Each structure stands twice: as structure tokens, then as C-alpha cells.
Amino acid sequence: MASQTPSIPKGTRDFSPVEVRRREYIFGQLKDVFRLHGYQPIETPAMENLSTLLGKYGEEGDKLLFKVLNSGNFMADAGINASSGIDSNGLSLKISEKGLRYDLTVPFARYVVQHQNEINFPFRRFQVQPVWRADRPQKGRYREFYQCDVDVIGSNSLLNEAELILIIDEAFQRLNLKVMVKINNRKILTGIAEVTGQADKIVPITVAIDKLEKIGLQKVREEMESQGIPPEAVEKLLPLLSFEGSTAEKLTFLKNYLADSETGLLGVKELEEVLGLVVSLGIHSKVELDISLARGLNYYTGIIIEVKSEEAVIGSICGGGRYDNLTGIFGLAGISGVGVSFGADRIYDVMLSLNRFPEDTQASTRALFVNFGTAEAAFAMQLSSDLRKAGISCELYPEAAKLKKQFSYADGRAVPFVIIIGEDELRDQKVTVKNMRKGEQVTIPAKELVTHLSRE
RNA sequence: GUGAAUGUAGCUCAGUAGGUUAGAGCAUCAGAUUGUGGAUCUGAGGGUCGCCGGUUCGAGCCCGGUCUUUCACCCCA
């Protein structure tokens, strides 16, 4: 029989026990924080209708969508035979009407519209689920990864923005990671485009500005000119691009710079307010205004948030912003939302490289009963159930193998306690408990086992 | 999608100017007076050298393609 070498699709990964425990630790901490702020969990399907997804993430995003082939004889339905040369874009619309979700925000918007009559607004929800992107895999970039989204929809209050920053701060505080929270406002970017007389070129301008830190002023100029921004407009952008200073100084500068743009000034005002709230709340992470922060989906309309690790080099580990009319696309206008998404896989990578996982994310079973034979095992089973009632995880080695083997197994599994019940112990209703870390062991009455292990 | 690098036992890697049965360490398994792990010793198993094709008398080593992983661009968690 021919055997095949097993493999998984590019950019996907298996998670072994230790990894899953560590991932669950991250999810757990994040969910705890979300719940403490009153957010409620929802889940949506892995697949959405392609019509829900297409056009929401820009041209680039459309390309990165995984499309699911229709069931049935889709080739014939689309009028294709082996020899017809049809372009793949037109083809895909005919043979595919479902796609894997690309993020959690758009499905959430869809969910809100569909369930608007059951929802009490403002609606605060969190969602922890995998998303898929047909991107080229790299370090910290996968084709299947988890997002942990928190959003509040149906409220314009800037208190929400401030709270999200607080949530970010609390979350990374718990995970023991130092982060920098960068914020910007889409209205400021709009204002910049306006005062330079290039209101219609906002996208190329912001994309170019976004690269400032990475490629430098000169290259940014070149990029803008190659994108059709007139030289005089580029000239007007220079003081902005070369401005350096504290967040407060930047705000002062922007008020002046954007004096002729009502929208721009509104953006500045919003940021000032959010920053004021955040400062009054007193958070640990640094918060900085970064006008070069333009990335992100093009549906943001207000604040833009991005979080970077201060200790590791890996893209952003959390990002989000306000979107004023995402639900409008699905027929529910006038609803504004704001939210952020934590990138669990990148957070995992950062924590692993910095060794920030608590030790107990390694432990699995707390106690292992050595198996000496049928009678002893039966006794061990009884005691197991007592331990489990007391919340102590334990297991019985399934075979009466050599002690050496059973102990090696415990060692390999990093089980902290091995409980020995042999002929003698069974007769005397006692147990011998060995502390694997210390290498010490004691023999105690079986009925004291639970309290003994609870104490250790 | 564009450009580049990588791929040898479960893991980390050797492998000499292409030449007979491809090596090491770690891990695994079995032993070293059969109620005790993490140390040591002995021994064993385990590789169609990513895959397909080509050049050659002969390829792990050369060439082409393909896939994986990684890096840069693009974009992004």
C-alpha cells in the first residue's frame, strides 16, 4: 500500500499540548479582561458569503480571501469545459459563493445587522476565533491565526476609545509584556490631504506617510511623486513629515497645520479628549500620537490604534479603530463602532521569545498513580475520584509496567507528584507520595492524600 | 503577487573535487540482581538525503521544475 508523507497547508500549524496550554493562557487572560469590562462573547461561522466579504478590505484584501468552491457540479453550472479559457476572477464568482472569514470585524458588523432586534445597544462584544488570509507566510504571519476582538457598537462616546486603551493596557499588564500604544485619527489624515489640496489622494498619501519610519523622508517623497502627488503638495507636507516632538507638541503643531480643515481639527480634538481620559485613568503602557500610523483597513473613520511590543521586533500585536458606518453596507445606517483586535499568535511568539509564560503552563497532570496490578489499580481509581472532586488533576498509568517506565513517563510529562500504591500500601490503606521535584517521598494514610496534595 | 535563500534520521547538524553498505550528538526503545524518574554505562531501532525530472558509467552533492520554511517588497494580527 502506498503511503503518503503527511503535511498540512502552507502557513498553518499544529499545536502540541504545551503550546495549546500556553495559547489557552493567553486567550484566558484576554477573555478575563474583556469580561471584567462587561463585554459579551459571540461566535460567527468560519465561512461567510463571499458577498459579505468582498470589497470590505480593499483590493489587496480581496486577493487574500480564501474562497470555498461551490458544492455540486459547479464546472458545468458555470458553463466551463476543459478547453474553455475563462479568466479566474470571473470564474471564481461563478464557482464560489462562500469564503473563509478574513477578520472578525466585518462578520461582526454583519451579525449586528442581522440580529439588530435582539441586541441592546450599545453592544459590547468580544470574539476569539481563527481567521484566514491567503498571504505569503513569514515570521509572525500565518495563513490561519486567531484574532481576539473587542468592540462596542452603537455608541459615539470617546469613553469607549479610552476604555479600549485601558483594556489593552490591562491585558498586556497581565501578560507581562511592555507595549507602546500608538494612536492616530483618520480625520487628521483626511485633514492633511485637504490642506495640501489633495483630498482625493488620501490613500496614496497615507500609505506613503506610513512608510516614513521605515524608508525615510527622501523615499517617501519619491513614492508620493510617483503616485501622482504634485510637487507643491509634497512640499506642503514636508514640515509635517519632519516634525518631531512630544505628543502634546504634535497636537499643538497639528492644530496650526490643520487650521483650514474642519475635519482635521475635529480629529485633533478627539485625540486630545481620548488622551485626556487615558491620562486621568493612569495606565502603565506608553501612549503616543503617531501621524504616520495610517495602516489598517480602509473602513476606519476616527481613532486608529496600533500596539507594538517594546521588547521584541514583530509587526503589531494589536490594532483597531473606529468605523462609523460599517453596518451601513449591510443596510443599517447611523451605527458607529470602535474596537481592537489582539493578535494571539504574535503575542504568543513574543511571549515565547521573551520566556514570559508562567511555569504552570507547563504542568499537565498534578499526580500520577503508579499501576502495580488489578487490585492496586482499583484502589487508585477510588482515590483518583477523591482527588478530582477536590479539583486535583490526576491519572492512573494504564498498565502495570516496570516502575522505571512509569516514573520516566511521569518525568517526561512533568507530573509533580507520583503516588505509589503497591502490595504493602494496599494492605495498610496507605499511599506513598513522591515529590518529583524534591525527590522526597512520604507514606501517609490514604485518607490524608487529598489534604496532603492540597497543602504541597 | 515580485525578488532571494533554505530543505540530510523525531530534533540540531556533519557529509570531504559526484564513486561501493549516508554519519554524530540529543531524543526514543531494550538491558545493567524484576517497588522508583531526571546522572552514567551497554546495545538496538530509525533516513527512497523534500518531491519530480535531467546530466553522468555513477548524484545527498551538478542542472531544471515543484512544494515547504525563512527573508525583503506588497500588505497586515
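No experiment lies behind these values; they were computed from the predicted model shown. Values below: every heavy atom of this structure, side chains too, minus hydrogens, waters and symmetry copies. The sequence lines fix the lettering, A, B, ..., with proteins before strands; numbering per chain opens at 1.
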- Looking across every strand, which nucleic acid part, if any, lies under 4.0 Å from A/Ser408 by heavy atom: base, sugar-phosphate, or nothing? sugar-phosphate
- Item | Qualifying residue for side-chain contact (heavy atoms from CB on, under 4.5 Å) with A/Ile42, from A/Arg125, A/His115, A/Gln129 | A/Arg125
- Task: Could you say whether A/Ile8 or A/Cys318 is positioned toward the 5' end of RNA chain B, judged by the nucleotide with the nearest heavy atom to each?
- Result: A/Ile8
- Message: By the 4.0 Å heavy-atom rule, please label A/Gly140 as base, sugar-phosphate, or nothing.
- Response: base
- Task: Taking only the side-chain nitrogens and oxygens of A/Lys405, find out if one of them lies under 4.0 Å from OP1 or OP2 of B/A30.
- Result: yes
- Between B/G37, B/U69, B/U2, which nucleotide has the shortest distance from any of its atoms to the side chain of A/Lys10? B/U69
- Task: Look at A/Arg427 together with A/Asp424 and state whether they make a salt bridge at an N to O cut-off of under 4.0 Å.
- Result: yes
- Query: Has the side chain of A/Arg133 got a donor or acceptor that lies under 3.5 Å from a partner of the other kind on the base of B/C75?
  - Reply: no
- Side-chain atoms of A/Lys211 come closest, of B/U70, B/C75, B/G37, to B/C75
- Is the distance from OP1 or OP2 of B/A72 to the nearest side-chain N or O of A/Gln138 less than 4.0 Å? yes
- Task: Scan A/Arg437 against the nucleic acid and name what it touches under 4.0 Å (heavy atoms): base, sugar-phosphate only, or nothing.
- Result: base
- Query: So what does A/Val340 hit on the nucleic acid, given a heavy-atom distance under 4.0 Å: a base, only sugar-phosphate, or nothing?
  - Reply: nothing
- Message: So, OP1 or OP2 of B/G31: does either fall under 4.0 Å of a side-chain N or O from A/Lys402?
- Response: yes
- Message: Can you list, in residue-number order, the parts of residues 445-455 of chain A that come under 4.0 Å of RNA chain B, counting heavy atoms only?
- Response: none
- Item | Check: A/Asp411 side chain, B/G38 base, donor-acceptor under 3.5 Å | no
- Task: Could you check whether the rings of A/Phe108 and A/Phe123 sit parallel, tilted or perpendicular, using 30° and 60° as the cut-offs?
- Result: tilted
- Message: Looking only at the side chain of A/Lys404 (C-beta and beyond, no hydrogens), which of the listed nucleotides B/G35, B/G38, B/A77 gets closest?
- Response: B/G38
- Assess whether one donor atom and one acceptor atom, taken from the side chain of A/Arg346 and the base of B/C76, lie less than 3.5 Å apart. yes
- From the list B/C71, B/G35, B/C74, which nucleotide is the closest neighbour of the side chain of A/Thr432? B/G35
- Going by an N to O cut-off under 4.0 Å, is there a salt bridge joining A/Glu311 and A/Arg356? yes
- Message: Can you tell me if A/Phe145 is stacked onto the base of B/A77, using a 5.5 Å centroid cut-off and an angle below 30°?
- Response: yes
- Of A/Thr12 and A/Glu223, the one whose nearest nucleotide on RNA chain B sits closer to the 5' end is A/Thr12
- Query: So what does A/Glu425 hit on the nucleic acid, given a heavy-atom distance under 4.0 Å: a base, only sugar-phosphate, or nothing?
  - Reply: base
- Remember a base hit wins even if backbone is also touched, and classify A/Gln406 as base, sugar-phosphate or nothing at under 4.0 Å, heavy atoms. nothing
- If pairing requires Watson-Crick or G-U wobble contacts with both distances under 3.5 Å, which nucleotide is the partner of B/C29? B/G43
- Task: Report the nucleotide, chosen from B/U36, B/U2, B/C75, that has the shortest atom-to-atom distance to any side-chain atom of A/Leu64.
- Result: B/C75
- Message: Please tell me whether A/Phe342 and A/Phe34 form a close aromatic pair, meaning their ring centres lie under 6.0 Å apart.
- Response: yes
- Message: Which nucleotide, if any, forms a Watson-Crick or G-U wobble pair with B/A5, using both distances under 3.5 Å?
- Response: B/U69
- Message: Using the side-chain heavy atoms of A/Glu60, tell me which of these nucleotides is nearest: B/C74, B/G3, B/C76.
- Response: B/C74
- Compare the minimum distances between each of B/G3, B/G35, B/U70 and the side chain of A/Pro137, then state the nucleotide with the smallest one. B/U70
- Item | Salt-bridge contact A/Lys63-A/Glu60 (side-chain N to carboxylate O under 4.0 Å) | yes
- Query: Does any nucleotide pair with B/U21 by Watson-Crick or G-U wobble geometry, both distances under 3.5 Å, and what is it?
  - Reply: none
- Task: May I ask which nucleotide in the shown strands pairs with B/U34, Watson-Crick or G-U wobble, both distances under 3.5 Å?
- Result: none
- Query: If you check every side-chain atom of A/Arg141, which of B/G38, B/G35, B/C74 has the closest atom?
  - Reply: B/C74
